[in-house]
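Reading through the structure tokens given below for one structure.
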Amino acid sequence: MSVASIGRPQSTEAAPHYFTYIDQVAGDDVVAILESQLKESLRFLSGISEEKSLYRYAPDKWSIRQLLNHVADTERAFAFRALWFARGFDSALPSYDQTIAASGAEADRVSWAAHIEEFRCVRLSTIPLFRNMPPDGWLKSGIASEKRFTVRALAYIIAGHVAHHMSVIRERYL
């Protein structure tokens, strides 16, 4: 089974909330999407200045730096979930609290250039995880945050999460 033939996640492969992200991903070749999204995202993010990266569109919202840090951290967490389930571990994984992760990162202390590089490195790690996924790994599943996910759904969630946040940056920050 090639990556292009794995198909799109079905409604039973993730909690309904996650289809907010899955539905933002067009096409069936999620690895190709992850690769092209990396190039497009790096080009877009590189156009944001160090100064602008500290901008918040409202006092209680994250800065652009914090948002990109959130994107990278979330990708790490969801890629780990995919690895865990694909390799056959059956222990449930705990919830991922984005508020705790964001406060622990102190992202505004890190340069914008470093955030972009970190996102690049995280994505360069995610791509081969899915590119080299054994055919039977895509439909393996497990529990995280008390919800069932398939590996296939997690790959689409990762891509859709980035698409969502790139849109948020365009619409609310720039």
Side-chain angles (χ1 to χ4, degrees), residues 1-46 67-98 100-102 104-105 107 114-169:
M1 176 187 317
S2 72
V3 174
S5 67
I6 66 158
R8 296 184 60 79
Q10 302 299 308
S11 62
T12 58
E13 294 183 44
H17 161 77
Y18 290 98
F19 281 84
T20 302
Y21 302 122
I22 293 168
D23 291 343
Q24 292 196 39
V25 179
D28 292 332
D29 187 344
V30 72
V31 173
I33 292 162
L34 290 167
E35 291 169 340
S36 66
Q37 191 178 57
L38 175 60
K39 293 173 193 160
E40 293 164 13
S41 296
L42 291 176
R43 186 172 30 255
F44 170 64
L45 296 168
S46 295
L67 188 94
L68 186 56
N69 182 82
H70 159 74
V71 167
D73 279 357
T74 301
E75 183 156 330
R76 282 185 177 106
F78 279 69
F80 175 75
R81 289 174 174 182
L83 172 74
W84 188 258
F85 302 151
R87 297 303 191 255
F89 292 97
D90 58 6
S91 302
L93 295 173
S95 294
Y96 172 77
D97 188 321
Q98 66 183 17
I100 293 170
H115 280 293
I116 294 171
E117 177 61 10
E118 183 174 355
F119 170 72
R120 185 184 76 79
C121 290
V122 169
R123 179 52 63 93
L124 287 174
S125 175
T126 300
I127 291 167
L129 171 66
F130 292 115
R131 182 186 304 125
N132 300 324
M133 184 64 58
D136 67 336
W138 289 101
L139 294 179
K140 287 186 178 179
S141 67
I143 304 294
S145 301
E146 300 178 357
K147 310 268 188 287
R148 180 159 298 280
F149 295 88
T150 63
V151 171
R152 173 171 66 180
L154 289 164
Y156 276 84
I157 291 166
I158 289 169
H161 186 252
V162 168
H164 166 74
H165 283 296
M166 293 303 121
S167 292
V168 168
I169 292 171

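What you see is a predicted model; the values in this text were computed from it and never measured.
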Which pair of heavy atoms, one from [X] and one from [Y], lies closest together, and at what distance?
X   : Y    : answer
A14 : A153 : CB-CB, 4.0 Å
Y96 : A77  : CD1-CB, 3.8 Å
S91 : W84  : O-NE1, 2.9 Å
S41 : V162 : OG-CG1, 3.8 Å
F19 : P9   : CE2-O, 4.0 Å
S95 : S145 : CA-OG, 3.1 Å

Side-chain contact, heavy-atom cut-off 4.5 Å: [X] with [Y]?
X    : Y    : result
R120 : I116 : no
I157 : I22  : yes
Q37  : M166 : no
L139 : E13  : yes
L38  : F119 : yes
R152 : S141 : no
T126 : F78  : no
F89  : L83  : no

Using side chain to side chain contact (heavy atoms under 4.5 Å, CB included), reason through W138 and V30 one step at a time and then give a plain yes or no. CA-CA 11 Å; W138 289 101; V30 72; 3.9 Å; yes
Tell me whether the rings of Y21 and Y18 are parallel (<30°), tilted (30 to 60°) or perpendicular (>60°).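 It falls in the tilted class, 30° to 60°.
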Hey, can you tell me if H165 and H161 have their rings parallel, tilted or perpendicular (30° and 60° cut-offs)?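 It falls in the perpendicular class, over 60°.
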Assess whether side chain to side chain contact (heavy atoms under 4.5 Å, CB included) is satisfied between R123 and E75, documenting all intermediate values. CA-CA 8 Å; R123 179 52 63 93; E75 183 156 330; 2.8 Å; yes
I'd like to know if the side chain of R8 reaches the main chain of Y156, judged simply by a donor and an acceptor atom lying under 3.5 Å from each other, with no hydrogens or angles considered.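 No, the answer is negative, given that no donor and acceptor are paired below the 3.5 Å cut-off.
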So, S36 side chain and I33 main chain: donor-acceptor pair closer than 3.5 Å or not? yes
Point-to-point distance, once rounded to the nearest 0.5 Å, from [atom1] of [X] to [atom2] of [Y]:
X    : Y    : atom1 : atom2 : result
Q24  : H164 : CD    : NE2   : 6.5 Å
K147 : R81  : NZ    : CZ    : 10.0 Å
I158 : L129 : CD1   : CG    : 7.5 Å

Would you check, one step at a time, whether the test side chain to side chain contact (heavy atoms under 4.5 Å, CB included) holds for L45 with I169? CA-CA 9 Å; L45 296 168; I169 292 171; 4.2 Å; yes
Would you call E40 and R43 a salt bridge, taking side-chain N to carboxylate O under 4.0 Å as the test?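 Judged by the 4.0 Å cut-off on N to carboxylate O distance, E40 and R43 do not form a salt bridge.
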